[in-house]
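Index from 1, following the sequence.
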Amino acid sequence: MVGVDLELGGRTAVVIGGSSGIGADVVGVLADEGCDVAVTYRASRDGARQAAQGVRDGGRSAWVSPLDLSTPEATIRDARELLAQVGAIDVLVVCAGHNIVTPYSGITADEWNTILAANLTGVFFALQTLTPAIRSGGSVVTVASVAAHTGAPHHMHYAAAKAGLVNLTHSLARELAPDVRVNCVAPGITLTQMGQDTISNLPEDYARTSLLLQRYATSMRVAQMIAFVASPVNEFMTGATIDVNAGRHLR
């Protein structure tokens, strides 16, 4: 971040879901701040490799590893393989997320389970496996959504999972204190592929009429906030949820 030393130099970070969108920008910001970064992916190995190459181009070390959140067994297996590569962790960022736009009446049991696995259940088992490797003084940042607070038509399963993730974050902060900080960043609609899919189902003037700042966030702005929340300069914040939603929801 320009003009701010986040004191992350020489640390090891893991970004779950770092192959695209906000996660890929988090990888870049952490690398620019001096971190070695492990990039995990669900489907886009090429995206993960590209993000990792950017880390290496900046003179830092990088790893690429699959992390399948679809079942607890797959999550634990992949997380253990990741740990075998990176060893100890200083920063763990959970950017993984998956959404399907479906009206309430059309959500099937399979779709419900898929979305809950990707956004909550798999995240729990990834955290359970990886957090013992976090060094004292390290931090965890999960990425939820404004939908966790407002609900979302046609995204009910996603909103429910992200609401669960917020509470999971708060509970984990209590579990890991005082050695490891745990916080959540809850973005509003962001100009990623997932965000564009959401925007396409909104009125054309939604940003102007529903957001106090009248514009959508870029993934880089959200990534910079995540890096700040994760960093040692933010050492007195834990168990918090930080809203980055352009004033869509005020708490």
Side-chain angles (χ1 to χ4, degrees), residues 1 4 6-8 11-40 51 55 67 69 79 82 86 88-97 118-120 122-146 148-149 161-188 190 192 217 219-245:
M1 297 176 70
V4 179
L6 296 185
E7 301 177 12
L8 286 166
R11 297 174 187 258
T12 299
V14 173
V15 181
I16 298 176
S19 63
S20 63
I22 294 171
D25 280 336
V26 171
V27 171
V29 173
L30 292 176
D32 287 345
E33 293 293 332
C35 287
D36 299 326
V37 188
V39 185
T40 85
V55 177
L67 187 55
L69 301 178
L82 170 62
V86 303
I89 300 169
D90 297 293
V91 174
L92 174 59
V93 179
V94 184
C95 279
N119 295 285
L120 182 59
V123 172
F124 169 81
F125 286 102
L127 290 169
Q128 188 183 59
T129 307
L130 295 174
T131 53
I134 299 178
R135 294 184 178 96
S136 180
S139 69
V140 177
V141 180
T142 63
V143 180
S145 168
V146 67
H149 306 298
K162 290 300 189 181
L165 181 60
V166 169
N167 197 277
L168 173 62
T169 303
H170 297 170
S171 299
L172 188 62
R174 295 183 182 276
E175 290 274 353
L176 299 186
D179 296 325
V180 175
R181 297 182 302 107
V182 187
N183 293 290
C184 180
V185 172
T190 306
T192 62
S219 59
M220 178 56 74
R221 288 304 189 203
V222 178
Q224 289 170 331
M225 177 57 71
I226 292 167
F228 168 73
V229 172
S231 75
V233 301
N234 193 36
E235 65 179 342
F236 285 104
M237 179 182 287
T238 195
T241 298
I242 298 91
D243 296 321
V244 188
N245 61 43

Legend entry - Any donor-acceptor pair under 3.5 Å from N119 side chain to K162 backbone: no
Legend entry - Inter-residue atom distance L82.CG - I16.CD1, 0.5 Å rounding: 7.5 Å
Legend entry - N183 side-chain N/O to G239 backbone N/O, donor-acceptor pair under 3.5 Å: yes
Legend entry - From T142 atom OG1 to F124 atom CZ, the distance as rounded to the nearest 0.5 Å: 14.0 Å
Inset, instruction - Mark yes or no for whether R181, through its side chain, and V229, through its backbone, hold a donor-acceptor pair below 3.5 Å. - result: yes
Legend entry - Non-hydrogen side-chain atoms of M220 and V29 separated by less than 4.5 Å: yes
Inset, instruction - Give the minimum heavy-atom separation between V123 and A118, together with the two atoms involved. - result: CG2-O, 3.9 Å
Inset, instruction - List the steps and the verdict of side-chain contact (heavy atoms from CB on, under 4.5 Å) for Q224 and D25. - result: CA-CA 8 Å; Q224 289 170 331; D25 280 336; over 6 Å; no
Inset, instruction - Please tell me if the side chains of T169 and T241 come closer than 4.5 Å, counting only heavy atoms from C-beta onward. - result: no
Legend entry - Short side-chain to backbone donor-acceptor contact, S139 and V182, under 3.5 Å: no
Inset, instruction - Taking all heavy atoms of N234 and all of F228, pick out the closest pair and write down the distance. - result: CB-O, 3.4 Å
Inset, instruction - For residues 135-145, pull every pair meeting salt bridge (Lys or Arg N to Asp or Glu O under 4.0 Å), keeping only residues two or more places apart or in separate chains. - result: D90-R135
Inset, instruction - State, yes or no, whether a side-chain contact exists between E175 and T131 at a heavy-atom distance under 4.5 Å. - result: no
Inset, instruction - Decide side-chain contact (heavy atoms from CB on, under 4.5 Å) for H149 and N245; before the verdict, give the C-alpha distance in whole Å, the side-chain angles of both, and the deciding distance to 0.1 Å. - result: CA-CA 11 Å; H149 306 298; N245 61 43; 5.9 Å; no
Legend entry - Nearest non-hydrogen partners of V222 and P187, listed with the distance: CG1-CG, 3.8 Å
Inset, instruction - Enter the distance from I89:CD1 to T12:OG1 here, rounded to the nearest 0.5 Å. - result: 8.5 Å
Legend entry - For the student: nearest non-hydrogen atoms of L6 and P232, plus distance: O-CD, 3.2 Å
Inset, instruction - Indicate yes or no: at least one non-hydrogen side-chain atom of V143 is less than 4.5 angstrom from one of V26. - result: no
Inset, instruction - Search all heavy atoms of A144 against all heavy atoms of V166 and return the closest pair with its distance. - result: CB-CG2, 3.8 Å
Legend entry - Nearest non-hydrogen partners of A223 and I22, listed with the distance: CB-O, 4.1 Å
Inset, instruction - Could you check V15, L127, V180 and say which one makes a side-chain contact (heavy atoms from CB on, under 4.5 Å) with L92? - result: L127
